[in-house]
Amino acid sequence: MLSLTSVLIAVVCVLIVWIFKNEDRSVERRKGEARAGSQARPWVDEDLKDSTDLQQVEEDADEWQESEESVEHILFSHTRYPEEEMVTRSQEFYELLNKRRSVRFISNEQVPMEVIENVVKTAGTAPSGAHTEPWTFVVVKDPDMKHKIREIIEEEERINYLKRMGQRWVTDLKKIRTNWIKEYLDTAPVLILIFKQVHGFTANGKRKVHYYNEISVSIACGILLAALQNAGLVTVTTTPLNCGPRLRVLLSRPTNEKLLLLLPVGYPSKEATVPDFRRKPLDQVMVTV
Ligand SMILES: Cc1cc2nc3c(=O)[nH]c(=O)nc-3n(C[C@H](O)[C@H](O)[C@H](O)COP(=O)(O)O)c2cc1C
């Protein structure tokens, strides 16, 4: 009789615990749904969020505006080349770009600003999601500003190398002989910092969706690299890790802009070296179906 009572008490206790646990879970679920609801936006690429987005998203949940612009359509103008010329042009373009290398030793010789303006204009010919052109190219020439940029990057990169990133990352980078010292940030006559605009603004100040902004800006950066190569300048593609927010504030860029790449631009220094990398042959990168 005694043991039957204790079994009954145990069963009742288990039931009470189960009921309370379930109640907790459904409260958490309701909270999660409410959070998701308040952050709902017409379109968002989850990969593009960073901590500086979150507060703004909550503040401006109702501020989005659908595009109502209408645009006239015009006849497309096209230049067609004879096949032989197509082959020559494509071969020559390949040979030009195959000479592009990431150069980390850049001389302090000045470059013509007209060339910089032309390469940025060329980058701006890139396609972009719904023609939103979600890019800002910040061209830094001022030596003091370049030095401030260097200080921020070296401070963060030192932590990246020594603490944030694992041994594998440090080992993988050994072959390109980089570390947190970035002398080219002072010596290169021009730094181009490319920001992606995670959203834009309409004429009436409402937020405008920038579809696939990171892909669009990355394509623009590829075209910029090709344009620099074509102009006879060198650069190294850099992604200063954990520096974006500080550099954005330093350069007085608005919160809808996030740093994507930093390109130091100039002529190679006389003693510049590069790792002796080989590129994959066509049969390893192209599949024809
Ligand atoms: C997305 C991306 C990020 C990169 N980040 C850095 C970087 O932070 N620092 C650096 O020295 N090189 C960086 N590089 C350059 C690569 O190391 C370089 O492209 C690669 O070693 C191949 O060499 P190549 O550019 O001379 O062909 C980056 C390249 C890419 C595409």
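Just so you know, ligand 1 is whichever comes first in the structure, and atom 1 is the first atom listed for that ligand.
Polar contact with ligand 1: present for R100 (N/O pair, distance under 3.5 Å). Between R101 and ligand 1, an N or O atom pair is found at a separation short of 3.5 Å. Ligand 1 has no N or O atom lying under 3.5 Å from any N or O atom of T178, backbone or side chain.
Using a cut-off of 4.0 Å between Lys/Arg side-chain N and Asp/Glu carboxylate O, E214 and K196 are scored as salt-bridged. In summary, E183 and R104 do not engage in a salt bridge, as defined by a charged side-chain N under 4.0 Å from a carboxylate O.
In summary, of the residues considered (Q110, K146, K141), a side chain to side chain contact (heavy atoms under 4.5 Å, CB included) with V190 occurs for K141 alone. Checking L225, L261, I192 one by one against T235, the side chain to side chain contact (heavy atoms under 4.5 Å, CB included) holds for a single residue, L225.
Protein heavy atom at the shortest distance from atom 12 (N) of ligand 1 is R104 NH2, 3.2 Å. Distance from atom 27 (O) of ligand 1 to its nearest protein heavy atom, with residue and atom name: R279 NH2, 2.9 Å. The protein heavy atom nearest to atom 9 (N) of ligand 1 is T238 CG2, 3.9 Å. Closest to atom 4 (C) of ligand 1 among all protein heavy atoms lies T237 O, 3.3 Å. Of all protein heavy atoms, the one lying nearest to atom 21 (O) of ligand 1 is F277 CE1, 3.4 Å. Protein heavy atom in closest approach to atom 18 (C) of ligand 1: S102 OG, 3.5 Å. Summary of contacts: the protein heavy atom closest to atom 8 (O) of ligand 1 is T239 N, 3.4 Å.
Set against the non-hydrogen atoms of I176, the atoms of ligand 1 under 4.0 Å away are 17 (O), 21 (O). Listed by atom number, the atoms of ligand 1 under 4.0 Å from V236 heavy atoms are 10 (C), 11 (O), 12 (N).
Cluster membership for Y267 and F105, using ILVMFWY side-chain heavy atoms within less than 4.5 angstrom, is not shared.
Side-chain contact between E156 and C243 is present, with heavy atoms from C-beta onward closer than 4.5 Å. The shortest distance between side-chain heavy atoms of T187 and S107 does not fall below 4.5 Å.
Using a 30° and 60° split on the angle between ring planes, W135 and F137 fall in the tilted class, from 30° to 60°.
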